[in-house]
Amino acid sequence: GEGRVSLSGRIDSIVGEELAYKMSVDLSRMLVIDLKDMKARASGQILLQGDAQQLKIGGEVIADRLEMWLGKRGRTITDSLDVIEINLPGGDTRIRESASQAGAIVLDLQLKFPRRVHVRGSGLESEWAGDLQIKGYAGQPDIAGALRPVRGRFTFLGRVFELGRGSVRFDGESVIDPLIDLPFEYSDSGITAIFSVTGTASAPDINLSSRPPMPESEIVSRVLFGADSSSLTQGQQIELASGLAALRDGGPGILDRARRQLGVDVLSLGGGEGGNSTTVRAGRYLTERVYLEVEQGAEREDGRTTVEVEVAPNVRLQTGTRGGEEGRLGVKWRRDF
């Protein structure tokens with residue numbers, strides 16, 4: 001996949017028929033995952049050390065790019081295979097457990113996601129960054145660390161909820177079930193609606209609240225139609241039911257296929273100011289630290305171009321133009337607690 005992998009090392013000793021070895025695997029933008037709903041490239045160095053009884057895998061891997069589409073369920077990525085050893089001395093044949101079953105692979109890996117981790121589907125368009133530590137055995141790994149959003153949007157019936165903070169945390173337990181805390185916000189019609197996803201990945205809690213506090217039916221009505229719930233027409237009620245059904249679908253859709261054809265990192269549709277028009281937003285990383293985004297509405301003056309440069313880990317320089325206005329320059333500073 002236009003990446004590169006190299007292996008170097010040596011056999012340190014021979015004890016009977018057992019081999020002891022020490023190897024180094026160097027990755028450079030290697031395509032390590034290539035599935036329909038997940039693709040990943042990685043760089044870094046992995047150290048392999050052990051013998052026939054146990055293998056230790058350590059080192060640091062940096063995700064150059066990871067894309068995942070939500071909505072695919074029930075597929076097993078890996079499986080265990082029994083190894084049948086034949087032609088042994090004496091003509092014997094034996095079945096050896098796979099390494100994951102025997103617990104013979106010991107992990108001590110650092111996974112770094114500096115940016116460019118994209119999660120899409122079910123109305124979500126998001127980019128993430130973070131660090132994870134994987135220890136324990138390959139058959140039952142312990143994962144600790146967190147991923148936090150760099151930018152994110154959740155589209156619901158043409159309304160765009162922004163994700164400015166939040167996290168997905170792994171607590172290091174043998175059961176991999178990360179804790180989710182993701183608040184999406186949308187402001188219009190005199191309120192700020194908050195679509196929150198909390199709890200565990202296996203059983204998430206979805207809650208809709210607002211500032212100032214309002215009943216859920218009132219929040220939905222104001223967000224979708226800019227009016228109170230008592231004035232909804234039958235057609236608007238049907239539209240709401242249709243949107244809820246569409247929310248349950250996932251996986252790569254029309255926008256995902258168009259984004260890949262255009263070769264951009266971000267492609268989304270949203271509502272213009274006041275929710276009365278549609279805008280198209282496309283973004284691409286020019287380098288690892290330079291991000292270009294273009295947004296265009298129905299009118300020429302609705303166009304916007306933004307260039308974001310990461311000058312330090314928590315500091316970004318942002319400049320761009322909007323419609324016929326003069327260029328703007330700003331500095332964004334962020335710190336997660």
Side-chain angles (χ1 to χ4, degrees), residues 1-9 21-48 55 57-72 75-79 81 105 107-121 124-134 138 141 143 145 147-152 168 250-268 280-294 306-311 313 316:
E2 301 180 355
R4 187 177 181 87
V5 57
S6 61
L7 172 68
S8 61
Y21 51 88
K22 188 174 183 179
M23 301 284 183
S24 173
V25 181
D26 294 300
L27 310 177
S28 177
R29 292 189 55 78
M30 180 186 175
L31 187 63
V32 293
I33 301 176
D34 189 12
L35 302 171
K36 288 184 178 180
D37 56 357
M38 183 181 295
K39 298 181 183 294
R41 290 187 179 275
S43 302
Q45 185 179 62
I46 301 175
L47 303 177
L48 311 177
L55 168 63
I57 303 179
E60 181 179 279
V61 178
I62 301 173
D64 296 301
R65 183 185 185 89
L66 189 151
E67 292 186 89
M68 182 172 66
W69 292 272
L70 303 177
K72 297 292 185 181
R75 177 184 45 77
T76 302
I77 296 178
T78 60
D79 204 349
L81 299 177
I105 301 180
L107 303 175
D108 187 8
L109 285 168
Q110 297 283 339
L111 300 184
K112 294 184 177 295
F113 304 92
R115 292 176 79 173
R116 305 189 75 174
V117 176
H118 298 277
V119 180
R120 303 180 171 98
L124 177 65
E125 170 74 41
S126 60
E127 180 186 359
W128 300 77
D131 298 287
L132 299 178
Q133 185 177 56
I134 302 179
I143 303 179
L147 297 176
R148 294 184 173 84
V150 176
R151 54 173 58 85
V168 176
I254 295 175
L255 277 180
D256 293 305
R257 292 192 290 269
R259 180 190 52 75
R260 279 180 279 179
Q261 289 292 328
L262 293 173
V264 296
D265 295 311
V266 174
L267 180 65
S268 63
V280 179
R281 188 171 65 99
R284 178 181 173 88
Y285 277 96
L286 304 181
T287 70
E288 291 297 322
R289 296 179 179 271
V290 180
Y291 176 78
L292 171 66
E293 182 176 281
V294 177
T306 302
V307 177
E308 187 175 280
V309 181
E310 184 179 0
V311 295
R316 297 176 202 158

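If you're wondering where the values come from, they're calculated on a predicted model, not measured in any experiment.
With contacts defined as side-chain heavy-atom distances shorter than 4.5 Å, the pair Lys112/Asp131 qualifies. Side-chain contact between Arg151 and Tyr291 is present, with heavy atoms from C-beta onward closer than 4.5 Å. By the 4.5 Å heavy-atom criterion applied to side chains, Glu308 and Glu293 are not counted as neighbours. Within the 4.5 Å cutoff, no side-chain heavy atoms of Val25 are placed close to those of Met30. Counting only heavy atoms from C-beta outward, the side chains of Glu127 and Arg115 approach each other to under 4.5 Å.
Using a cutoff of 4.0 Å between basic side-chain nitrogens and carboxylate oxygens, Arg29 and Glu2 are not scored as salt-bridged.
Met38 and Ile33 get closest at one heavy-atom pair: O-CG2, 3.5 Å. Between Leu107 and Pro141, the closest heavy-atom pair is CD1-CB, 4.1 Å. When every heavy atom of Arg41 is checked against every heavy atom of Gly3, the shortest pair comes out as NH1-N, 4.0 Å. Minimum interatomic distance between Ile62 and Pro114 (heavy atoms only, all atoms of both residues): CG2-CD, 3.8 Å. Shortest non-hydrogen contact noted between Ala42 and Val61 is CB-CG1, 3.6 Å. Closest non-hydrogen pair, Ala129 versus Val150, comes out as CB-CG2, 3.8 Å.
None of Leu109, Leu47, Asp108 except one satisfies the side-chain contact (heavy atoms from CB on, under 4.5 Å) rule with Ile57; the exception is Leu109. Considering Arg116, Arg120, Lys39 as possible partners of Glu67, the one that fulfils the salt bridge (charged side-chain N to carboxylate O under 4.0 Å, His left out) test is Arg120.
One finds the OG atom of Ser28 at 12.5 Å from the CD atom of Gln45 (value rounded to the nearest 0.5 Å). The distance from atom CD1 of Ile134 to atom CD1 of Ile143, rounded to the nearest 0.5 Å, is 4.5 Å.
Here the side chain of Ser24 pairs no donor or acceptor atom with the backbone of Ser8 at under 3.5 angstrom.
The ring-ring contact (aromatic ring centres under 6.0 Å, His included) test applied to Phe113 returns no partner, not counting sequence neighbours.
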